[in-house]
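The structure appears right after this line, and notes come after that.
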Amino acid sequence: MRDVIELVLGNSATGFLDGVGTAARFNGPSGAVLSGDNRYLYIADTFNALLRRLDVQTGEVRTLLGRPLVQGVVDGDAGVARLQSPRAITITSDGGVLFLADGPTIRRVDVNTLDITTIAGTPGMSGYVDGTGPAVRLGFLLHSFAMGADDRTLYIADRSNRLLRSCDTQTGAITTLAGLQDAGVTAANVDGVGSSARFSGLGGILRVGNTLYVADTFNHTLRTVDLTTFQVTTRAGLPGTSGIEDGDAGVGTFNAPQSLAFDGTSLYVTSFQGLLRRVRVNDFFTDTVLGDFEDTSTIDGPAATARLGLAFGPPVFDTQRSRIYFQDRTASSVRTIDVPSFTVSTLAGASEPARHRDGPPLLSRFSDPGDLVPNGAQDVWFIADPGSRTIRRFDRATGMVSTLAGGINQPGSTDGPLAMARFGTPAGLAFHAASNRLYVADSSLHLVRRIDLSSGMVSTLAGDPNATTPSGNVDGIGTAARFNGPSRLALSPDGLTLYVSDTGNRVIRRVNTMTGEVTRLAGTGTAGTVNGPLLMAQFRGPSGLALDATTNRLYVNDRTAHTVRVVDLTAGTVATLAGVDNTPGPADGIGAMANFRSPTGLALNASGTALYVADNGNHLVRRIDLMTNTVSTWLGSASRNGGLAQGVPTPIAQATTYFPETVVVTGPDVVIVSDFGVYLARPATLP
C-alpha cells in the first residue's frame with residue numbers, strides 16, 4: 001500500500017485520535033469526572049482543547065466538544081463550540097450538567113444536548129475580581145472543582161490567585177471563601193478562617209459532606225476547609241517541607257501533591273513523583289501504595305512492578321468497580337488501578353509508550369528514540385535511544401528489535417564488547433557499509449564513538465571522558481580533541497571523513513576516521529548567523545547534517561537559528577539555504593520567505609534534488625527543492641500535531657506528527673522518528 005504512513009516500531013504517546021482503548025490518543029488530560037451512572041468518564045483533554053468521553057466498560061473514546069488544537073471560547077452546540085484550555089471538571093448529582101474550567105472562564109455543558117454556555121469570567125482576561133458573569137476575573141489556572149451538596153454551589157481551586165472561591169452556577173456569582181489574593185507576599189501555609197488563611201498553590205479539592213479536602217501543592221500539605229465556618233486546617237504534611245516519607249500526620253511528607261480521590265475511608269494523592277499515596281482520613285496516616293519516585297515511566301502490571309507517570313489531573317475513584325482512573329500525563333493516557341491489589345492497566349490512550357523493550361515491532365518500546373540510520377542493504381535500521389543509553393537494532397527480515405550496544409539505563413564511557421560498552425547520551429549516528437562500522441555522537445560525554453560491527457567492539461574515536469575537563473573546543477588527535485555536546489553526524493562515501501555538528505561549540509568539526517584527527521571545518525564558535533568563508537561563518541546551534549558527495553555540499557540544520565544552511569566544501573563558504581535567522585514559523589516559500597522552528601534531522605533524496613527536514617518545533621516534515629530553494633510542507637499540519645496509533649496505515653495527506661526528530665530517505669520510502677516511535681511513510685512517488 002502506497003501513499004500512507006504507519007507507526008511500525010515502538011509507540012506514540014500524544015495525539016487526538018478517537019477510538020477504542022489503546023487506539024485512542026490524548027494530549028495532556030488534566031480533568032475527569034464520572035457520569036452519574038458510572039458508565040462514562042468525561043475528560044478535559046487540555047492541550048487538544050477538547051471535551052472527551054470514555055466508556056469505562058468498552059474503552060471507547062469519543063470527542064464531544066471542540067476541535068483538536070483549535071482554541072477558542074465559543075458557546076453553542078457541538079457543531080460550533082470551541083474550547084480554549086479545559087481543565088477542572090465536575091458534574092451534578094443527577095449527571096445532567098457538567099461544569100468546566102476553560103482558561104479563566106467557567107462553562108456549563110448540558111450532557112444531553114451538548115450545548116455549552118459561559119457562565120462566569122471573560123475569555124483571555126485572567127485576574128481577580130469577585131462579582132457576576134463576564135465582570136468576574138478568575139485565575140487562568142483553575143486547578144480543580146468540587147460540586148456542593150446543593151448541586152448549585154461550585155467550589156473552585158483558583159491556583160493562580162491562591163484562593164478557594166465559589167460560583168453560584170445559576171447566577172454566575174463568584175465569591176472568595178478562603179485565602180487572600182496578594183501574589184508574592186502572602187503565599188504561605190497559614191490556618192485560619194476565611195481571609196485569614198493562606199495557601200500556596202491550591203491543587204485538587206474534594207468534598208465529603210461539609211468538609212473540603214485540599215491538596216496545597218506548593219506548601220506540600222493536605223488541608224481541610226469546613227464548609228460551614230470556612231476554617232482552614234492543615235492535616236498532613238510539613239508546611240514548606242517536601243518529601244515522600246510515610247507515617248502519621250506529624251511525620252508523613254508530600255512533594256507537591258496535585259490531586260485527590262476518595263474511597264470512603266482514605267484519600268489517594270497523586271503528584272509528579274510517579275507515586276500513589278494513601279491517607280486515612282480518621283487519623284491522616286500516610287503510606288505509599290504504588291509507584292517508584294525514581295521511575296516515572298508508564299508500566300502496567302502488578303503493584304510491585306507497575307510504574308506511574310506524572311499526574312496533574314485528579315484520580316477518580318469508581319466505587320462501583322473498586323478502581324481508580326489515573327490520568328497519566330507522561331503517557332497521555334487513562335489507566336486503571338485496581339483497589340486493593342493496585343494492579344495497573346491502560347484503559348485508553350497509549351500503552352507504555354516510553355520504556356526499553358526489545359521484541360516484535362509493535363511490542364517494542366523506546367525510551368527516547370533519536371537518530372536512525374540504515375545499513376548498506378537497508379534491511380537493518382540502527383536507532384539511537386538516548387533515553388535508555390543504548391543503540392538499538394531493527395532487523396527488517398526477522399522483524400525483531402534488539403539492543404545492539406550499551407547497558408539499559410546504565411550511563412558510562414566504557415569501551416569494549418557490545419554488551420559491556422556503555423554510553424552517555426547516544427545522539428547522532430552514521431554508518432559505513434564497506435567497513436561495517438557505525439559511528440556515534442555521544443553527546444553528554446562529548447565523544448565520538450565507533451562500533452565495529454564485524455568484531456563486535458566499541459571504541460572511542462575522539463574525545464576523552466576521563467579528562468579533568470572532558471568538554472571543550474579543541475582540535476587534536478584522538479584523546480587530545482574536545483567537543484561540547486556533539487549531536488549529529490554525516491560520513492563521506494569512502495568512510496574516511498566524519499562530519500560532526502558540535503552543537504555546544506556552535507561549529508562543524510571534521511574527523512579523520514583512520515587517525516582520529518579532529519579539525520574545525522566551519523564556524524567561529526560565536527553564536528550568530530554569519531555567512532561567508534568557512535572559518536569566518538557563524539552558527540547558533542548546528543544539528544542535522546546531510547552530505548551530497550556529488551556536489552561536495554554539506555547541508556546543516558541550524559536548530560536554534562531556525563534555518564537550513566549549506567557548507568560548500570569546494571568553494572569553502574557557508575550560506576543560508578532557507579529560513580530567516582531567529583525567526584521561527586511554519587511558512588512555506590522560497591529561501592528567506594520560508595520559516596522553520598527548531599529543525600533537527602535532515603536527509604537528502606537519492607537524486608540529490610531535494611532535502612527533507614524534520615521541522616521539530618512545527619511538528620512537520622518539510623521538503624526543500626534544491627533547484628529552486630522552495631520549501632513546502634511534505635507531512636503534517638501547522639495547526640495540528642499528534643502521533644498515530646500503532647499499525648494503522650494513514651494517508652500521508654491526513655497524517656500528523658509530534659516533535660519529529662529524524663527523517664531518513666531509504667529507497668522509495670521515508671522513515672521518521674517521532675514521539676516514542678518510528679514511522680514508515682510510503683509515498684506514491686518520492687519527489
Side-chain angles (χ1 to χ4, degrees), residues 13 21-22 24 26 28-35 38-45 52 54-61 89 144 203-204 206 208 213 215 222 244 246 254-281 285-355:
T22 57
F26 301 92
S30 298
V33 66
L34 273 170
S35 61
N38 282 27
R39 173 68 185 272
Y40 299 109
L41 194 68
Y42 295 103
I43 299 171
D45 193 356
R52 318 282 292 275
L54 167 60
D55 187 319
V56 301
Q57 294 182 2
T58 67
E60 181 183 15
V61 176
I89 187 171
S144 186
L206 187 149
V208 179
Y213 294 93
L222 298 186
I244 53 171
D246 291 340
F254 300 91
N255 191 334
Q258 292 290 337
S259 294
L260 307 171
F262 184 61
D263 69 358
T265 59
S266 297
L267 296 170
Y268 293 92
V269 185
T270 60
S271 68
F272 288 161
Q273 281 70 53
L275 300 176
L276 184 67
R277 315 286 299 283
R278 179 174 56 191
V279 182
R280 295 194 303 247
V281 296
F285 178 88
T286 300
D287 66 334
T288 300
V289 295
L290 189 64
D292 182 338
F293 79 96
E294 293 183 332
D295 184 359
T296 55
S297 57
T298 56
I299 302 174
D300 291 340
T305 57
R307 296 292 181 265
L308 302 176
L310 308 182
F312 189 87
V316 178
F317 192 85
D318 185 340
T319 56
Q320 181 176 315
R321 300 171 180 85
S322 295
R323 65 187 186 187
I324 294 169
Y325 301 106
F326 180 84
Q327 296 172 87
D328 197 311
R329 176 69 71 86
T330 301
S332 274
S333 65
V334 177
R335 305 170 73 191
T336 60
I337 302 172
D338 178 73
V339 179
S341 73
F342 297 107
T343 299
V344 181
S345 59
T346 299
L347 178 61
S351 172
E352 304 180 329
R355 62 178 301 189

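- Here the shortest heavy-atom pairing between Ala303 and Ser341 reads CB-O, 3.6 Å.
- Between the CG atom of Leu275 and the OG1 atom of Thr296 there is a distance of 10.0 Å, given to the nearest 0.5 Å.
- The main-chain N or O of Pro314 is found under 3.5 Å from a side-chain atom of Gln327 such that the two form a donor-acceptor pair.
- In this structure, the side-chain hydrogen bond (donor to acceptor under 3.5 Å, both in side chains) partners of Thr288, at least two apart in sequence or on a different chain, are Asp246, Arg277.
- Counting all heavy atoms, side chain and backbone alike, Ala350 lies closest to Ala13 at CB-CA, 3.7 Å.
- Atom-to-atom distance recorded for Leu267:CG and Arg278:CZ is 11.5 Å, nearest 0.5 angstrom.
- Of the possible polar contacts, one joining the Ser35 side chain to the Tyr40 backbone as a donor-acceptor pair under 3.5 Å is found.
- Distance check, rounded to the nearest 0.5 Å: CG of Leu206 to CG of Leu260 gives 6.0 Å.
- To the nearest 0.5 angstrom, Leu54 atom CG is 4.5 Å from Leu347 atom CG.
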Just do the side chain to side chain contact (heavy atoms under 4.5 Å, CB included) check on Thr319 and Asn38 with the steps written out, would you? CA-CA 9 Å; Thr319 56; Asn38 282 27; 4.1 Å; yes
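- Judged by distance alone, with hydrogens and angles left aside, the side-chain atoms of Ser332 form a donor-acceptor pair with the main-chain N or O of Gly28 at under 3.5 Å.
- Pairs engaging residues 331-347 under the salt bridge (Lys or Arg N to Asp or Glu O under 4.0 Å) rule: Asp300-Arg335, Asp328-Arg335 [sequence neighbours left out].
- Annotation for Asn255 and Gln273: closest pair O-OE1, 2.7 Å, computed over non-hydrogen atoms.
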Kindly indicate, with the supporting measurements, whether the criterion side chain to side chain contact (heavy atoms under 4.5 Å, CB included) is fulfilled by Thr305 and Ile299. CA-CA 8 Å; Thr305 57; Ile299 302 174; 5.6 Å; no
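- Annotation: ring pair (Phe, Tyr, Trp, His ring centres under 6.0 Å) contacts of Phe317 (sequence neighbours excluded): none.
- Residues meeting the side-chain hydrogen bond (donor to acceptor under 3.5 Å, both in side chains) test with Thr22, sequence neighbours left out: none.
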Is there a side chain to side chain contact (heavy atoms under 4.5 Å, CB included) between Tyr268 and Val339? Walk through the geometry before answering. CA-CA 11 Å; Tyr268 293 92; Val339 179; 3.8 Å; yes
Could you walk me through whether Leu34 and Tyr325 pass the side chain to side chain contact (heavy atoms under 4.5 Å, CB included) test, one step at a time? CA-CA 10 Å; Leu34 273 170; Tyr325 301 106; 4.0 Å; yes
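- Here the shortest heavy-atom pairing between Ala354 and Ser297 reads O-CB, 3.7 Å.
- We find the CG-CZ distance between Leu310 and Arg329 to be 8.0 Å, quoted to the nearest 0.5 Å.
- Atoms CG and CZ, from Leu308 and Phe326 in turn, are 4.5 Å apart once rounded to the nearest 0.5 Å.
- For the residue pair Thr270/Ser259, the side-chain donor-acceptor check at 3.5 Å is not satisfied.
- The salt bridge (Lys or Arg N to Asp or Glu O under 4.0 Å) analysis of residues 257-266, with sequence neighbours excluded, yields no pairs.
- Judged as a salt bridge (Lys or Arg N to Asp or Glu O under 4.0 Å), the pairs with a partner in residues 304-314 (not counting sequence neighbours) are, in order, Asp292-Arg307, Asp295-Arg307.
- Closest approach of Thr330 to Gly309, counting heavy atoms only: OG1-CA, 3.3 Å.
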